[in-house]
Amino acid sequence: MKPQQKANVIVHGTLSEVATGCAEHARAYHLERDTQQGTTFHRLIDGDYLALRLQVPTDRRPLLVGLARVLWIQGDRLEVEVLIMDADERIRLNRFLEATDSDEIGTRNACPTLILSTGE
């Protein structure tokens with residue numbers, strides 16, 4: 001049996017209305033017990049696990065991703081694979097991605113991917 005993976009970093013960002021499957025203005029925080037300490041994407045490596053809190057431009061309530069895995073990191077951008085997400089949250093994400101033309105990514109896959117960027 002594979003050990004349970006746990007997110008030790010949470011990334012806050014805003015889903016892009018222009019670039020499908022992307023989140024902009026992302027900020028990473030290392031989770032230490034009851035506090036969040038700022039960190040950078042440069043401290044992450046491929047295969048790291050993190051949680052996501054993504055603001056949807058058309059909704060006041062952010063999307064929550066319980067667990068995602070870093071696929072690659074390049075400068076101020078990284079791609080993550082969504083692993084654990086509540087069904088209601090996944091429906092909200094898929095609706096948003098479909099509304100912004102999801103031809104670029106496979107939102108119907110069991111594990112969609114997102115690209116996060118710190119860029120303004």
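Every heavy atom of this structure was used, including side-chain atoms; hydrogens, water molecules and symmetry mates were not. FYI, the numbering just counts along the sequence from 1.
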**Q** Can you tell me how far the CG atom of Leu83 sits from the CG atom of Leu50, to the nearest 0.5 Å?
**A**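 Reported to 0.5 Å precision, the distance equals 9.5 Å.
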**Q** Please determine whether a side-chain nitrogen of the Lys or Arg among Glu98 and Arg95 lies less than 4.0 Å from a carboxylate oxygen of the Asp or Glu.
**A**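 No, Glu98 and Arg95 are not salt-bridged.
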**Q** Under the criterion side chain to side chain contact (heavy atoms under 4.5 Å, CB included), which of Leu44, Asp48, Val11, Asp46 is the partner of Leu78?
**A**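 Output: one option passes, namely Leu44.
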**Q** Heavy-atom distance under 4.5 Å between the side chains of Asp86 and Leu64, does that happen here?
**A**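 With C-beta onward as the side chain, the pair stays apart.
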**Q** Please round to the nearest 0.5 Å and tell me the distance separating atom CG of Leu15 and atom CD of Gln55.
**A**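 It is 8.5 Å, given to the nearest 0.5 Å.
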**Q** Can you find a heavy atom in the side chain of Leu52 that is under 4.5 Å from one in the side chain of Leu116?
**A**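 Yes, at least one pair of side-chain atoms sits under 4.5 Å.
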**Q** Mind checking whether Val70 and Ile115 sit in one hydrophobic cluster, side chains of I, L, V, M, F, W, Y counted as touching below 4.5 Å?
**A**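 They do not share one cluster, since no chain of ILVMFWY contacts under 4.5 Å joins Val70 to Ile115.
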**Q** So, for Glu89 and Pro62, which heavy atoms are closest and what is the spacing to 0.1 Å?
**A**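 Of all heavy-atom pairs spanning Glu89 and Pro62, the closest is OE1-O, 3.7 Å.
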**Q** Between CG of Leu54 and NE2 of His25, what distance do you get to the nearest 0.5 Å?
**A**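 Rounded to the nearest 0.5 Å, the CG-NE2 separation comes out at 13.0 Å.
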**Q** Which heavy atom in Gly66 sits nearest to a heavy atom in Ala51, and how many Å separate them?
**A**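 Of all heavy-atom pairs spanning Gly66 and Ala51, the closest is O-CB, 3.8 Å.
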**Q** Please report the interatomic distance CD(Glu81) to OH(Tyr49), rounded to the nearest 0.5 Å.
**A**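 Glu81 atom CD to Tyr49 atom OH measures 8.5 Å (nearest 0.5 Å).
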**Q** Going by the side chain to side chain contact (heavy atoms under 4.5 Å, CB included) test, name the single residue among Arg90, Arg53, Met85 that passes it with Leu63.
**A**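 Considering Arg90, Arg53, Met85, a side chain to side chain contact (heavy atoms under 4.5 Å, CB included) with Leu63 is found only for Met85.
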**Q** I'd like to know if the side chain of Arg92 reaches the main chain of Asp59, judged simply by a donor and an acceptor atom lying under 3.5 Å from each other, with no hydrogens or angles considered.
**A**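 Judged by distance alone, no pair lies under 3.5 Å.
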